[in-house]
There are 2 protein chains.
Amino acid sequence: MEVSSQSRLGPDAWVDAAYAAFEAGGVSAVRIDRLAKALKITRGSFYWHFKDRRALLQAVLDRWDQSKTEGAITANEDAGGDPSDRLLRLLHTCASDDGKLEIGIRAWASEDEDARQTVERIDERRISYMARLANAAGVPEHVASARARVGYLAWLGSYSGAVPTDVDQRIADMDCLWRMMLET
Amino acid sequence: MEVSSQSRLGPDAWVDAAYAAFEAGGVSAVRIDRLAKALKITRGSFYWHFKDRRALLQAVLDRWDQSKTEGAITANEDAGGDPSDRLLRLLHTCASDDGKLEIGIRAWASEDEDARQTVERIDERRISYMARLANAAGVPEHVASARARVGYLAWLGSYSGAVPTDVDQRIADMDCLWRMMLET
DNA sequence: ACCTGAACACCGTTCAAGT
DNA sequence: ACCTGAACACCGTTCAAGT
């Protein structure tokens, strides 16, 4: 537990720099070359800490998962309130996110199968948490699930990311939305 | 109007190749280098037809707009039926799209301001068409607008793309969804 | 009017050699 | 254990020179 004034860099320094670059300019801003210059080190040394650029992006994804999913859920639970309040607070937290990482991560996931799977798992984790809150607030379980799903997708759509679902699922979504849209 | 057996290539040949590459592998698959090899021509000649790679991607975006927005709307109108039928058919058409281009275009738009604006205009065009159908089917105008918006976003979210909206708008969306989720 | 070929820049990746 | 420096590959972009 001492001040990190090492002359040699650890992997964390690379992830810090990559995370910041990602937030500022998306996947394409995460360049080993530029990060190395910023860290005042040669790019060759990067490969001591990481297998390749993909491994670095994977580390950024993991950090994002911790802070924006597990961390956010824990924080929301700790803040208390009844289920209805918790859900509203969660949605407001979601709406307040500037989406920079949400967009960037999904843009990357659209071109990397492993990342796509990780993001899909994270989406499922979030949806099931929302569904649990709605259910606890009195909405029947499977209705809560359907609405949590549609609600989450609409939130995602407000940034527009990239997690493919299958055709049948989407057709079912559309039928549901169609009825919602046409009922007076 | 003759068979295009020119020895010299027109811009269309590049756009055709780029569109196909984009559909198969997203933005990062659109490489002047590789397209040139596929077209059996040097990459230098590309710059006679286009200012740069961005201009080529812009042409892909325009073609996508024509086929997936203007073309789709016209086709749906031509197919007839009452407003309610037209809306359902439209939603089914949407749900059937594999989203390859939808995802790729938005991944690119997340890193290119001009593309982002074009995509935003296209989204608005689509939403207003959906709202018009819902309204014609008997839903009051501003309710139809709100639902068309949420519905469209949910569809987008099912692929997860990248079109930032502002915080206030998203908070309003969330309040609306919250009520929808909690009403029995 | 359209294309070639060579050149340069940017950057990912490898690796032998250094400390 | 961690870093350097040189090398190579890939690819965007420019441009003088060809047809």
Side-chain angles (χ1 to χ4, degrees), chain A residues 2-61 104 107-115, chain B residues 2-61 104 107-115:
Chain A
E2 39 177 308
V3 183
S4 66
S5 59
Q6 332 142 274
S7 59
R8 305 278 168 129
L9 264 44
D12 286 352
W14 287 98
V15 181
D16 289 346
Y19 199 87
F22 200 117
E23 198 151 16
V27 216
S28 72
V30 179
R31 311 268 100 196
I32 311 302
D33 204 3
R34 293 181 211 168
L35 297 178
K37 264 169 200 148
L39 294 170
K40 294 186 191 312
I41 206 166
T42 56
R43 15 177 228 215
S45 74
F46 168 80
Y47 294 87
W48 175 260
H49 303 288
F50 298 88
K51 185 180 171 300
D52 52 19
R53 180 170 175 264
R54 238 178 120 247
L56 178 62
L57 288 170
Q58 189 69 51
V60 168
L61 210 179
W108 177 50
S110 75
E111 296 186 335
D112 186 289
E113 180 54 23
D114 284 350
Chain B
E2 40 178 307
V3 183
S4 65
S5 60
Q6 333 143 275
S7 59
R8 306 277 167 129
L9 262 46
D12 286 352
W14 286 97
V15 181
D16 289 346
Y19 199 87
F22 200 117
E23 197 151 16
V27 215
S28 72
V30 180
R31 311 268 100 196
I32 309 303
D33 205 1
R34 292 181 213 169
L35 297 179
K37 264 168 200 147
L39 294 171
K40 297 186 190 309
I41 205 166
T42 56
R43 26 180 218 221
S45 75
F46 168 80
Y47 293 88
W48 176 260
H49 304 287
F50 297 89
K51 186 182 171 296
D52 52 20
R53 179 171 177 264
R54 240 179 118 246
L56 179 61
L57 289 170
Q58 188 70 50
V60 169
L61 211 179
W108 177 50
S110 75
E111 296 187 335
D112 185 292
E113 180 54 21
D114 285 349

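Since the structure is predicted, the reported quantities are computational estimates derived from the model, not experimental observations. Each chain gets a letter, A, B and so on, in the order the sequences are listed, and its residues count up from 1.
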Nearest to side-chain heavy atoms of A/Ile32, which nucleotide of C/dG12, D/dT4, D/dG12: C/dG12
Where do A/Ala59 and A/Phe50 come nearest, in terms of heavy atoms and distance? CB-CE2, 4.4 Å
Decide yes or no on side-chain contact (heavy atoms from CB on, under 4.5 Å) for A/Ile41 and A/Trp14, but give the supporting numbers first. CA-CA 11 Å; A/Ile41 206 166; A/Trp14 287 98; 3.7 Å; yes
Length of the line joining B/Leu39:CG and C/dC2:C1', which is rounded to integer Å: 14 Å
Mind calculating the distance between CG (B/Leu56) and P (D/dT13) to the nearest angstrom? 10 Å
Distance, rounded to the nearest Å, where B/Trp48 contributes CH2 and D/dA16 contributes P: 14 Å
Does B/Val15 reach the side chain of B/His49, with side-chain heavy atoms less than 4.5 Å apart? no
Of the residues in residues 20-27 of chain A, which ones touch DNA chain C at a heavy-atom distance under 4.0 Å? none
Looking at every non-hydrogen atom in both residues, tell me the closest pair between A/Gly25 and A/Ser28 and how far apart they are. O-OG, 4.0 Å
C/dC3 phosphate, OP1 or OP2: any side-chain N/O from B/His49 under 4.0 angstrom? yes
Please report the distance, rounded to the nearest Å, between CG in A/Asp33 and C1' in D/dT4. 15 Å
Could you check how far CZ of A/Phe46 sits from P of C/dT13, rounded to whole Å? 7 Å
Using OP1 and OP2 only, check whether a side-chain N or O of B/Tyr47 sits under 4.0 Å from D/dT14. no
Separation of A/Phe50 atom CZ from C/dT14 atom P, in whole Å? 15 Å
Position toward the 5' end of DNA chain C (nearest nucleotide), A/Val30 or A/Ser45: A/Val30
Donor-acceptor under 3.5 Å (A/Asp52 side chain, A/Ala55 main chain): yes
To the nearest 0.5 Å, atom CG of B/Asp114 lies from atom CD of B/Gln58 at 6.5 Å
Check: B/Val60 and B/Val30 side chains under 4.5 Å, non-hydrogen atoms: no
Show the nearest heavy-atom pair for residues A/Leu35 and A/Ala21, with the distance to one decimal. CD2-CB, 4.1 Å
Evaluate A/Arg53 against A/Arg31 for side-chain contact (heavy atoms from CB on, under 4.5 Å), listing each step before the verdict. CA-CA 8 Å; A/Arg53 180 170 175 264; A/Arg31 311 268 100 196; 3.0 Å; yes
Looking only at the side chain of A/Arg31 (C-beta and beyond, no hydrogens), which of the listed nucleotides C/dC3, D/dC3, C/dG12 gets closest? C/dG12
Could you give the CG-to-P distance, from B/Leu35 to D/dT13, as a whole number of Å? 12 Å
Once you round to the nearest 0.5 Å, how far does CG of A/Leu61 lie from CG of A/Leu56? 11.5 Å
Using Watson-Crick or G-U wobble pairs with both distances under 3.5 Å, give me DNA chain D in dot-bracket, 5' to 3', with [ ] for crossers and | for pairs to another strand. ||.|||||...|||||.||
Side chain of B/Thr42 (C-beta onward), nearest among C/dG5, C/dG12, D/dG12: C/dG5
Looking at B/Glu111 and A/Gly26, would you say the former's side chain and the latter's main chain have a donor-acceptor pair under 3.5 Å? no
Under 3.5 Å, which N/O atoms of the protein pair with N/O atoms of nucleotides 6-8 of chain C?
{"unit_1": "C/dA7", "atom_1": "N6", "unit_2": "B/Arg43", "atom_2": "NH2", "d": "3.2"}

Whole-Å gap separating P (C/dT14) and CZ (A/Arg53): 14 Å
With a 4.0 Å limit, can you tell me whether A/Arg34 has a side-chain N or O closer than that to the phosphate oxygens OP1/OP2 of C/dC11? yes
